[in-house]
Amino acid sequence: MKRSAYFVIALVFVLVTWFGIAQQPSRAQNANPRQVPAWEYQELEVHGGGFDRAKANKLGASGWELVATFTPTNRDAVSVCIFKRRK
């Protein structure tokens, strides 16, 4: 009787230990946590080729970075500058 009780206790201990270890993330998962950058965007419109350097410099001083420019197809003489920065 004592032998079977010790066996059951040992078996429960092994199972609890194994399930506790199996639920923990691996070292590789801990070493490279997934980081999702959070960005915010702002637009600056340029009308008729008149680029406003003061506004662009103010955005740059606030941490904004120019990442793209485009001209909408439905608007004449307008370009849009897209700035981004981390949140």
Side-chain angles (χ1 to χ4, degrees):
M1 173 98 172
K2 284 187 177 182
R3 245 186 203 177
S4 62
Y6 289 132
F7 178 74
V8 170
I9 291 171
L11 182 62
V12 169
F13 177 76
V14 168
L15 289 174
V16 168
T17 304
W18 184 78
F19 280 113
I21 292 172
Q23 298 301 322
Q24 295 178 358
S26 68
R27 277 191 251 159
Q29 290 170 332
N30 286 333
N32 298 316
R34 180 175 250 184
Q35 296 177 352
V36 179
W39 302 98
E40 57 183 332
Y41 295 89
Q42 187 162 336
E43 297 178 3
L44 176 63
E45 289 190 4
V46 178
H47 297 275
F51 182 72
D52 191 346
R53 290 178 195 265
K55 283 185 183 178
N57 286 334
K58 187 175 180 182
L59 287 170
S62 299
W64 294 92
E65 178 182 356
L66 179 65
V67 293
T69 59
F70 69 94
T71 302
T73 56
N74 60 348
R75 298 175 71 185
D76 293 332
V78 174
S79 294
V80 179
C81 300
I82 307 293
F83 291 82
K84 78 172 184 177
R85 71 175 174 187
R86 286 195 186 268
K87 284 188 174 181

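The first residue in the sequence is number 1, and the count goes up from there.
Taken together through direct or relayed side-chain contacts under 4.5 Å among Ile, Leu, Val, Met, Phe, Trp and Tyr, V67 and V80 form part of one hydrophobic cluster. At a threshold of 4.5 Å between side-chain heavy atoms, the hydrophobic network of Ile, Leu, Val, Met, Phe, Trp and Tyr places F70 and F83 in two separate groups. Linking ILVMFWY residues whenever their side-chain heavy atoms come closer than 4.5 Å, directly or via other members, leaves I82 and V46 in distinct clusters.
For the pair R86 and W39, the cation-pi test (distance below 6.0 Å, angle within 45°) is passed.
Partners of E65 by salt bridge (Lys or Arg N to Asp or Glu O under 4.0 Å), not counting sequence neighbours: none found. Evaluation of the salt bridge (Lys or Arg N to Asp or Glu O under 4.0 Å) rule for E43 yields no partner, not counting sequence neighbours.
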ask   = After noting the C-alpha distance and the side-chain angles of K58 and W64, does the key distance pass the side chain to side chain contact (heavy atoms under 4.5 Å, CB included) rule?
value = CA-CA 9 Å; K58 187 175 180 182; W64 294 92; over 6 Å; no

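For S79 against T71, the heavy-atom pair with the smallest separation is OG-OG1, 3.3 Å.
By the 4.5 Å heavy-atom criterion applied to side chains, L66 and C81 are counted as neighbours.
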